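To start, the structure under review is shown below, and the notes come after it.
Every heavy atom of this structure was used, including side-chain atoms; hydrogens, water molecules and symmetry mates were not. We count residues from 1, following the sequence as given. The structure presented is a predicted model; accordingly, all values stated were derived computationally and were not measured.
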Amino acid sequence: MNFKKIINKLHLWLGLTSGLVVFIVAITGCIYAFQAEIKDLTYSFLFVEPEKKEVLPPSKISEIAYQAFPEGHLHAVLYPTKERSAQAIFFSYGEGNDHYKIAYINPYSGEVLKLKNEYADFLEWY
């Protein structure tokens, strides 16, 4: 085998290998960049039917959330929009008791839609 054929084969395989690496980086970067949109398409518990009544106050949401996750430490209660579920965020770090969970609650009825461990989510990388 002459030198030109060796260089051609080397170029072919190095190019395919580096192309595969670039492809994987591009796909994972696209998934990371559009993770909010992907969650909106795949997680139905993020949305609620808006009602013509007042949303529950944060004190009631936190009470409901503590019933769903009694050993948690409530960090925040969020009301993103009228069409989205309220989020009670539980976060604790240290002493081997790390957790990051979100209780998704219907802000009109108080129904717990989902208790989700964010550390176990496919779209979260830490």
Side-chain angles (χ1 to χ4, degrees):
M1 197 179 259
N2 64 20
F3 185 69
K4 186 176 180 181
K5 286 185 179 181
I6 292 172
I7 294 297
N8 280 339
K9 288 286 184 192
L10 186 64
H11 181 263
L12 170 72
W13 289 108
L14 288 176
L16 286 174
T17 305
S18 64
L20 182 62
V21 170
V22 169
F23 177 75
I24 290 171
V25 168
I27 292 296
T28 56
C30 183
I31 290 171
Y32 185 74
F34 291 104
Q35 66 182 324
E37 289 81 1
I38 293 170
K39 285 180 180 181
D40 285 349
L41 287 173
T42 56
Y43 296 162
S44 62
F45 56 85
L46 293 176
F47 299 96
V48 296
E49 260 323 297
E51 298 179 17
K52 294 185 186 219
K53 64 180 185 179
E54 291 293 317
V55 296
L56 297 172
S59 59
K60 185 66 176 167
I61 295 289
S62 63
E63 182 183 310
I64 294 167
Y66 270 121
Q67 290 173 359
F69 187 51
E71 67 274 8
H73 174 72
L74 186 64
H75 181 72
V77 175
L78 301 177
Y79 294 88
T81 64
K82 292 183 179 199
E83 296 86 20
R84 289 187 174 261
S85 56
Q87 301 173 15
I89 300 170
F90 293 91
F91 182 77
S92 177
Y93 181 73
E95 299 178 19
N97 191 17
D98 300 349
H99 64 267
Y100 177 26
K101 294 185 179 181
I102 300 178
Y104 294 92
I105 300 170
N106 185 324
Y108 303 104
S109 68
E111 173 191 3
V112 176
L113 303 173
K114 178 86 172 175
L115 181 61
K116 189 164 170 296
N117 183 355
E118 290 295 313
Y119 283 146
D121 190 35
F122 171 74
L123 292 173
E124 298 295 329
W125 294 292
Y126 299 96

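Looking at residues two or more places apart in sequence or on another chain, you find no salt bridge (Lys or Arg N to Asp or Glu O under 4.0 Å) involving Lys52. A search for side-chain contact (heavy atoms from CB on, under 4.5 Å) contacts involving Glu83 returns Pro50, Thr81, not counting sequence neighbours. For Asn8, there are no side chain to side chain donor-acceptor pair (under 3.5 Å) partners, not counting sequence neighbours. Under the side-chain contact (heavy atoms from CB on, under 4.5 Å) criterion, Val48 pairs with Ser85, Asn106, Pro107, Tyr108, Leu113, sequence neighbours left out. Tyr66 is linked by a ring pair (Phe, Tyr, Trp, His ring centres under 6.0 Å) to Phe90, counting only residues two or more places apart in sequence or in another chain. Applying the ring pair (Phe, Tyr, Trp, His ring centres under 6.0 Å) criterion to Phe47, with sequence neighbours excluded, gives no partner residue. In terms of the salt bridge (Lys or Arg N to Asp or Glu O under 4.0 Å) criterion, residue partners of Lys60 (sequence neighbours excluded) are, by chain and number, Glu63.
Listed by first and then second residue, the salt bridge (charged side-chain N to carboxylate O under 4.0 Å, His left out) pairs that reach into residues 21-31 come to none, sequence neighbours excluded. Within the structure, salt bridge (charged side-chain N to carboxylate O under 4.0 Å, His left out) pairs that include any residue of residues 101-112 do not occur (at least two apart or interchain).
In this structure, Ile89 CD1 and Leu74 CG are separated by 8.5 Å, a value rounded to the nearest 0.5 Å. Within the model, atoms CD1 of Ile105 and CG of Leu115 stand 9.0 Å from one another, a figure rounded to the nearest 0.5 Å.
Taking the charged nitrogens against the carboxylate oxygens, Lys39 and Glu37 have no contact shorter than 4.0 Å, which rules out a salt bridge.
Counting side-chain heavy-atom gaps under 4.5 Å among Ile, Leu, Val, Met, Phe, Trp and Tyr, the cluster of Leu10 also holds Leu14. Hydrophobic cluster of Phe3: the remaining members, joined at side-chain heavy-atom separations below 4.5 Å, are Ile7, listed by chain and number.
Cluster annotation: Leu16 and Ile24 are assigned to distinct hydrophobic clusters (Ile/Leu/Val/Met/Phe/Trp/Tyr, side-chain heavy-atom contacts under 4.5 Å, transitive).
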